[in-house]
Amino acid sequence: MDVRADRDLSPVAALAIAVVATSTSAILVRWSVAPSSVAALYRVLFTAVLVAPVAATRHRGAFARLSVRDLAGAVVAGVALAVHFAAWFESLAHTSVAASVTLVQSQPVFVALGAWLVLGERLTRATAAGIAVALAGATAMSLGDAGGSALTGTTTYGNALAVLGAVTVAGYMLAGRSIRQRVPLFPYVTVVYGVCAVALFVLVGVQGHAYVGYPPREWALFLALAVGPGLLGHTVSNWALAHLESVVVSVAWLGEPVGATLLALVLLGEVPGPVTVGGGLVVIAGVAVTTLERDRRVDTTD
């Protein structure tokens with residue numbers, strides 16, 4: 001994002017674009033017939049290829065200034081992100097889009113838990129209540145149906161993978177939180193995406209999947225995952241965060257499960273069942289309480 005974009009583009013409009021772009025991720029994964037780890041690999045790899053030139057031209061010196069500690073933290077974040085993508089993409093083969101996206105978006109709950117357990121941050125009553133509500137909703141969804149989808153397999157397994165995706169993306173965020181205070185966005189994500197791509201490359205090999213030989217349609221879907229959810233989604237959201245209060249960005253991201261569910265209804269004919277809808281609303285409510293409370297505390301201490 002350049003100076004002209006900062007002047008001409010409304011941060012609210014940019015955030016709306018980011019949420020819509022990210023909402024397409026589950027649909028694109030479901031449309032792909034490639035193994036989930038392969039789709040995850042090329043999403044991350046293509047995103048890295050898109051952001052690396054910006055990092056190299058605008059922040060060349062930032063790489064040389066990376067300390068061993070920051071580099072180690074970026075490696076941990078990259079591995080955690082690889083597990084997140086591998087688990088979440090695979091979850092979409094076993095449960096509904098509504099359940100998978102809602103459960104993986106419960107990550108603020110696990111960020112709050114991790115900050116309390118690992119970083120020693122104080123856990124307020126409101127935050128604890130939000131966590132409890134979100135976990136109750138997640139449990140209901142995990143024990144419920146798959147939204148009436150035509151998929152086969154155990155939905156409990158798919159829901160568990162989505163929760164694993166939420167836990168590991170929370171680890172990714174916690175690992176990178178302090179690093180991002182010292183390292184610009186593009187150099188940081190270039191290193192993280194590079195490590196993530198290497199980890200997924202190894203996973204694809206261990207699973208015995210082919211790295212190439214996929215039809216053009218699959219490569220188009222891989223690129224769409226990188227440009228849409230990867231570049232227009234997360235990168236634009238990070239830009240908007242510099243212009244909007246964190247609470248606005250955090251709450252806006254709760255629209256992703258809604259957007260993904262509506263897209264699945266229209267494009268996949270996937271109608272969420274009552275347990276999925278009810279549990280999903282409970283999860284979103286719990287995440288909202290947790291997010292609002294944490295952002296309120298951050299704004300108070302700034």
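If you're wondering where the values come from, they're calculated on a predicted model, not measured in any experiment.
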Could you go through the side-chain contact (heavy atoms from CB on, under 4.5 Å) check for Val104 and His84 one step at a time?
-> CA-CA 9 Å; Val104 83; His84 159 72; 3.6 Å; yes
Checking ring-ring contact (aromatic ring centres under 6.0 Å, His included) for the pair Tyr211/Phe201: CA distance, chi angles, key distance, verdict?
-> CA-CA 8 Å; Tyr211 291 106; Phe201 184 89; 4.2 Å; yes
Check the pair Ser67 / Arg182 against side-chain contact (heavy atoms from CB on, under 4.5 Å), numbers first and verdict last.
-> CA-CA 10 Å; Ser67 66; Arg182 299 181 294 275; 5.6 Å; no
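Residues Ser23 and Glu256 bring no donor and acceptor atom of their side chains to less than 3.5 Å of each other. Under the 3.5 Å distance criterion, with hydrogens and angles disregarded, a donor-acceptor pair is assigned to the side chains of Ser91 and Ser100. Ser37 and Glu90 are not linked by any side-chain donor-acceptor pair at a separation below 3.5 angstrom, with hydrogens and angles left out of the test. Side-chain atoms of Ser32 and Arg217 form no donor-acceptor pair, as typed in the model, at a separation below 3.5 Å.
Taking the six-membered ring where the residue is Trp, Trp219 and Tyr214 present perpendicular rings, their angle passing 60° and hence far from 30°. Using the six-membered ring where Trp is involved, His59 and Phe186 have ring planes that are parallel, under 30° apart on the 30 and 60° scheme. Between Phe89 and Phe85, the ring planes are perpendicular. Angles over 60° get that label, and only those under 30° would be called parallel. Classification of the Tyr157-His94 ring pair by plane angle, with boundaries at 30° and 60°, yields perpendicular.
Between the side chain of Arg60 and the backbone N or O of Ala55 there is no donor-acceptor pair closer than 3.5 Å. A donor-acceptor pair under 3.5 Å links the side-chain atoms of Thr24 to the main chain of Ala21, judged by distance alone. For Thr168 (side chain) and Gly165 (main-chain N/O), a donor-acceptor pair under 3.5 Å exists by modelled atom type.
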